Amino acid sequence: QVQLVESGGGLVQPGGSLTLSCSASGSVVSIQNMGWYHWAPGTQRELVASIFGDGRAWYRNSAKFRFTISGDNTKGTVFLHMNSLDPRDTGVYYCGARTDTGQDYWGQGTQVTVSS
């Protein structure tokens, strides 16, 4: 079992920045990769960025050149540095982790609101 706790959400003006943090506990050694997901009302939860054990990162198109994912899977920590935020980035951001057995775990989510 892996437990994930996110923090760092809040209200930010368009063009502003936020950094989200996620910390895992439990069977951290089993984590293969970690990522951040975005959900907004009326949409499905979508992967925004992920980081693999070898340090490789993947971003969805809307996050490229604006967001940076960092962290250490072996320590169960992952961050999402978000710049040039747009109202369309508003929503709940979930930290996710996949273990070496293919099991997915999720945090409770942290709200990000981009508004003037």
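Heads up: numbering here begins at 1 and tracks the sequence. In this text, all values refer to a predicted model and were calculated from it rather than measured experimentally.
For the atom pair Leu80 CG and Met34 CE, the distance stands at 12.0 Å (nearest 0.5 Å). Distance check: Ser50 OG to Arg56 CZ gives 8.5 Å after rounding to the nearest 0.5 Å.
Taking the six-membered ring for Trp and thresholds of 30 and 60 degrees, His38 and Tyr93 have ring planes inclined between 30 and 60 degrees apart.
The backbone N or O of Gln32 lies less than 3.5 Å from a partner atom in the side chain of Asn73, making a donor-acceptor pair. Remark: side-chain polar atoms of Glu6 are paired, donor with acceptor, to backbone N or O of Gln108 under 3.5 angstrom.
The shortest heavy-atom contact between His81 and Ser70 is NE2-OG, 3.1 Å. The two residues Val78 and Cys95 come nearest to each other via the heavy atoms CG1-SG, 3.7 Å. In terms of heavy-atom proximity, Trp36 sits nearest to Cys22 at CZ2-CB, 3.6 Å. Between Ser84 and Ser17, the closest heavy-atom pair is N-OG, 4.5 Å. Between Gly35 and Ile69, the closest heavy-atom pair is CA-CD1, 4.2 Å. Considering every non-hydrogen atom in both Ala24 and Ile31, the closest pair reads CB-CD1, 3.9 Å.
Counting only heavy atoms from C-beta outward, the side chains of Pro87 and Pro14 approach each other to under 4.5 Å. For the pair Asn33 and Ile51, the minimum side-chain heavy-atom distance is 4.5 Å or more. Residues Thr68 and Tyr59 form a side-chain contact, since some pair of their non-hydrogen atoms from C-beta on lies under 4.5 Å apart. Looking only at side-chain heavy atoms (C-beta outward), Ser25 and Gln3 come within less than 4.5 Å of each other. In this structure, the side chains of Phe67 and Asn83 stay at 4.5 Å or more apart for every pair of heavy atoms.
Hydrophobic clustering (ILVMFWY, side-chain heavy atoms < 4.5 Å, transitive): Val112 and Tyr94 are in distinct clusters. Cluster membership check: Val2 shares its hydrophobic cluster with Val28, using side-chain heavy-atom separations under 4.5 Å among Ile, Leu, Val, Met, Phe, Trp and Tyr. Under the 4.5 Å side-chain heavy-atom criterion for ILVMFWY residues, no single connected hydrophobic cluster contains both Val92 and Leu11. Under the 4.5 Å side-chain heavy-atom criterion for ILVMFWY residues, no single connected hydrophobic cluster contains both Val48 and Phe79.
A donor-acceptor contact under 3.5 angstrom links the side chains of Thr101 and Thr99, judged on distance only.
Under the side-chain contact (heavy atoms from CB on, under 4.5 Å) rule, Val12 has a single partner from Thr90, Asp89, Val114, which is Val114.
Ring centers of Trp106 and Tyr37: under 6.0 Å apart, within the cut-off.
In this structure Arg60 satisfies the salt bridge (Lys or Arg N to Asp or Glu O under 4.0 Å) test together with Glu46, sequence neighbours excluded. With sequence neighbours left out, Asp86 forms a salt bridge (Lys or Arg N to Asp or Glu O under 4.0 Å) with Arg88.
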Exercise for review: Applying side chain to side chain contact (heavy atoms under 4.5 Å, CB included), run through Thr110 and Leu20 and close with a yes or a no.
Suggested key: CA-CA 8 Å; Thr110 184; Leu20 307 181; 4.0 Å; yes

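Listed by chain and number, the hydrophobic cluster partners of Val29 come to none, as no ILVMFWY side chain reaches under 4.5 Å of it.
Cation-pi contact between Arg98 and Tyr105: absent, since separation from the ring centre below 6.0 Å together with deviation from the ring axis within 45° is not met.
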